[in-house]
Asker: 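Quick one: structure below, then a few questions.
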Amino acid sequence: MLLFWVLEFALAVFACEPTGDTDAASRNDCYRKDCDGTVYDIQEATCCENKLHPGASLSCCGNEPYNPETATCCKHNLTASVTQDLSEKVSKCCDLKAYNPVNEICCQSTIISKPGPMAECCGKDVFDKDKQLCCGPADNKTILVRNSRHHECCGHSQYDTETQCCCSNEEKLEIQSKDSSCCVKNFTPGVQKQITELQPNCTEPNTHLCGSSCYNPKESQCCERNQKPHWFCASGVSKTTPTVYNPRTQVCCNGCVSAWKPWIDQCCGETPYGSAQRGVLCCNKTLYEDRDDGEECSEMGIPYNPAKGTICCSQFHGSPGQHCCGTEIYRPHAEICCNGHRHLKSENIYCCGVKAYNIKDPQMKCCAGTLYNLTSLDEHGGDAQCCGSILQKPQDICCSSEDKEVLYSAKTGFRCCGHFYYNTTLWSCCAGRLRSIHEAGQDQRKMIKESRLLSVNNLNKANLCKVYIGAVESVSLQSVVFTNVLKVYGMEAKVKALPLPYVLETNDRCSYPKLIPGKTYFFNKDNIFTGFINDSFLQSLHFIISECSPRITTHRKSTNMPFAY
Ligand SMILES: *[C@@H]1O[C@H](CO)[C@@H](O)[C@H](O)[C@H]1NC(C)=O
Ligand SMILES: *[C@@H]1O[C@H](CO)[C@@H](O)[C@H](O)[C@H]1NC(C)=O
Ligand SMILES: *[C@@H]1O[C@H](CO)[C@@H](O)[C@H](O)[C@H]1NC(C)=O
Ligand SMILES: *[C@@H]1O[C@H](CO)[C@@H](O)[C@H](O)[C@H]1NC(C)=O
Ligand SMILES: *[C@@H]1O[C@H](CO)[C@@H](O)[C@H](O)[C@H]1NC(C)=O
Ligand SMILES: *[C@@H]1O[C@H](CO)[C@@H](O)[C@H](O)[C@H]1NC(C)=O
Ligand SMILES: *[C@@H]1O[C@H](CO)[C@@H](O)[C@H](O)[C@H]1NC(C)=O
């Protein structure tokens, strides 16, 4: 009898397997993965089809590694191909080639420059919807110059919708005047489609609906799950609908039904257990059994005994109470830990991704977690600017908005609008938004100025070291009101609070980036900047004071770069 119970209990416990979570698994392993037998850190290398390639933040395009910040992977007919010099963040694919959809269009596998902002495909050609029409059957289209805004297609011709109609006469399309008999009789109202759900109508006594079945709430309840659309219960069966269960003999844990036992009073993920059961530990929704007394859940959700050792990313170390850096223990008095990699501590040592560098070394530049040594580059090193994680070359342009920095190859007649790079014959830009250029009416001189949000990381010292910080309260055409304003004197490592809101005059609103009320910005009298993209405000402030305060007398080359160009 007892044996039978134990067996049944074991079945109940293991019937509901938790779904495998690869994300959590990689975090538990400190960003370490296996590439054909070699363990590597995904922050330092990429594994494409079992081959390891060094380099941070790369992706795979088939078996080829590429950087989505500067290239695009297009897949077509089981082939994959990389297009360089166009970031995947802003591109689209035309079969195997990438293009910039702001200025170009893909018509039947060919990339074509848009003739106008409202360009569309007409067969394998392109037409400007504002000025042209694409008429005819799908296999034989012709582009016509649109006579007026009221003109539409009728077969291969166009007609005036205000005075004419297009009626079908024995499979032939004809243009006739609106009062003709053909126009009057041909009017058919649109067919309305109704979508009826295939749900049963629950009737007495089974009055409640649970997934696709009805139940009596006096006898049963509905076992539902809140978030995931699919889950796995008893013997790995994928569930998408709730199940009816009897709360007197069964227990529902997160969408899975198991047999109820007197000691069961908790759920651990999908598994029921009792808080009085010995040797049982629930760590991050996974139930562990046969554990020693004194064991706890580690930060990574793995059981361990803190009196016996330290657990660092699922790696156990026999020395209790230590600090972890990745899978290793480290001594914070002597070392710094950069994303799970230890480095010896010294003055002005900062982390840049997994590496460490001297922030006062003018030859080193950290771009969003990627460290560059400027000496190994050409002489222009001194003016080096970051564009996201990429070090910009002089022939590159960086377009940035609130949440994206995108690198482009510079082209004449093109400008930045937020993180987009646009052809100025097609578009104009105001406050980070593209506007189509129509022939008449707009003052283009005013609209054409570009707006990009420059990050603090790219400022020269003159601008960086005397800067205001404030939250945008209100934006008008002429000015921006900032509240809670701090003035940072980076050289003296001093911060002063302004007693009143600061009003920044912006005589040309279009040339300023899009500002979000409530968000905090760095600014001076001429410009508004962001912090490091995705990094904390505190980190930006720390960077400013570290860069500007002259405690250590290594001089950073003055760069005199303008903030916008
Ligand atoms: C892709 O496959 C289709 C049919 O299999 C073929 O007609 C087409 O030519 C292929 N395209 C390319 C670019 O290989
Ligand atoms: C910019 O757009 C115009 C209008 O379509 C086009 O003629 C021109 O070639 C485009 N410029 C470039 C560099 O693509
Ligand atoms: C396409 O349409 C034109 C009329 O615009 C007609 O002359 C031609 O025969 C059509 N071609 C085909 C292949 O149907
Ligand atoms: C449920 O009832 C509604 C109206 O009360 C009806 O339109 C629908 O067809 C019924 N569904 C089924 C599956 O019987
Ligand atoms: C717990 O597991 C979930 C998913 O299984 C994961 O998202 C979460 O990060 C884990 N928590 C910890 C602390 O590892
Ligand atoms: C940068 O590169 C130069 C030349 O390759 C080298 O001498 C120097 O040590 C490097 N600096 C750092 C901090 O690695
Ligand atoms: C920044 O954060 C946003 C959302 O929080 C995310 O979508 C974006 O990918 C992040 N950018 C980078 C460069 O990490």
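Every number for a ligand or one of its atoms is a count from 1 in the order of the listing. As a basis for the values below, the full set of heavy atoms in this structure was taken, side chains included, without hydrogen atoms, waters or symmetry mates.
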Asker: So is Met364 in contact with ligand 6, going by heavy-atom distances below 4.0 Å?
Answerer: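 True for this residue.
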Asker: Using a 4.0 Å cutoff against the non-hydrogen atoms of Ser113, which atoms of ligand 2 qualify?
Answerer: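 Those atoms are 14 (O).
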Asker: Would you say atom 5 (O) of ligand 2 has a protein heavy atom nearer than 4.0 Å?
Answerer: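 Yes.
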Asker: Just need the protein heavy atom nearest to atom 1 (C) of ligand 2, so name the residue and atom and give the distance.
Answerer: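 Protein heavy atom at minimum distance: Asn423 ND2, 1.4 Å.
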Asker: Can you tell me the protein heavy atom closest to atom 14 (O) of ligand 3 and the distance?
Answerer: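 Protein heavy atom at minimum distance: Asn140 ND2, 3.2 Å.
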Asker: Examine Thr142 against ligand 3 and note whether any of their N/O atoms are separated by less than 3.5 Å.
Answerer: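 No: no nitrogen or oxygen of Thr142 is under 3.5 Å from one in ligand 3.
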Asker: What residue and atom, counting heavy atoms only, is the protein's closest point to atom 13 (C) of ligand 2, and at what distance?
Answerer: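 For this ligand atom, the closest protein heavy atom is Phe414 CE1, 3.4 Å.
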Asker: Please list, in number order, the atoms of ligand 6 under 4.0 Å from a heavy atom of Thr375.
Answerer: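 Atoms satisfying the 4.0 Å criterion: 1 (C), 2 (O), 3 (C).
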Asker: Without swapping roles, check the side chain of Lys494 against the backbone of Val488 for a donor-acceptor pair under 3.5 Å.
Answerer: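 Checking the backbone N and O of Val488 against the side chain of Lys494, no donor-acceptor pair under 3.5 Å is found.
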Asker: Yes or no: does Gly413 have any heavy atom under 4.0 Å from an atom of ligand 2?
Answerer: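 It does not, in that no heavy atom of Gly413 comes within the 4.0 Å cut-off of ligand 2.
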Asker: For Tyr330 and Cys325, work out which heavy atoms get closest and say how close.
Answerer: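 The pair with the smallest heavy-atom distance is CD2-CB, 3.5 Å.
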Asker: Look up atom 9 (O) of ligand 3 and tell me if a protein heavy atom lies less than 4.0 Å from it?
Answerer: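 Looking at atom 9 (O) of ligand 3, one finds that no protein heavy atom lies closer than 4.0 Å.
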Asker: How does Pro115 reach ligand 2, by side chain, by backbone, by both or by neither, if only non-hydrogen atoms under 4.0 Å count?
Answerer: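 Only the backbone of Pro115 comes within reach of ligand 2.
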Asker: Can you confirm whether or not the ring centre of Phe522 sits under 6.0 Å from the ring centre of Phe529?
Answerer: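 No, ring centres 6.0 Å or more apart.
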Asker: For atom 3 (C) of ligand 2, what is the nearest protein heavy atom, given as residue, atom name and distance?
Answerer: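 Checked against all protein heavy atoms, atom 3 (C) of ligand 2 sits closest to Thr425 OG1, 3.1 Å.
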Asker: Would you find a donor on one side and an acceptor on the other, under 3.5 Å apart, between the side chain of Thr79 and the backbone of Asn77?
Answerer: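 At least one qualifying donor-acceptor pair exists.
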Asker: Could you tell me, atom by atom, which parts of ligand 6 come under 4.0 Å of a heavy atom of Asn373?
Answerer: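 That gives atoms 1 (C), 2 (O), 3 (C), 8 (C), 10 (C), 11 (N), 12 (C), 14 (O) of ligand 6.
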Asker: Can an N or O of Lys411 be found at a distance shorter than 3.5 Å from an N or O of ligand 2?
Answerer: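 In fact, backbone or side chain, Lys411 has no N or O that close.
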Asker: I want to know whether His150 and Tyr159 have ring centres closer than 6.0 Å.
Answerer: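 No, they do not, as the ring centres are separated by 6.0 Å or more.
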Asker: Salt bridge between Lys51 and Glu64, side-chain N to carboxylate O under 4.0 Å?
Answerer: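 No, this pair does not count.
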Asker: Is the SG of Cys312 found under 2.5 Å away from the SG of Cys324?
Answerer: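 Yes, the SG atoms sit under 2.5 Å apart.
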Asker: Taking distance alone, with N or O pairs closer than 3.5 Å, would you say Thr412 contacts ligand 2?
Answerer: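 Such a contact does not occur with ligand 2.
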Asker: Looking at Glu104 and Lys114, is there a salt bridge between them, counting it only when a charged N and a carboxylate O are closer than 4.0 Å?
Answerer: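 Salt bridge: no.
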Asker: If you define the side chain from C-beta out and look only at heavy atoms, does anything of Thr72 sit under 4.5 Å from Ser87?
Answerer: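 A side-chain contact under 4.5 Å is absent here.
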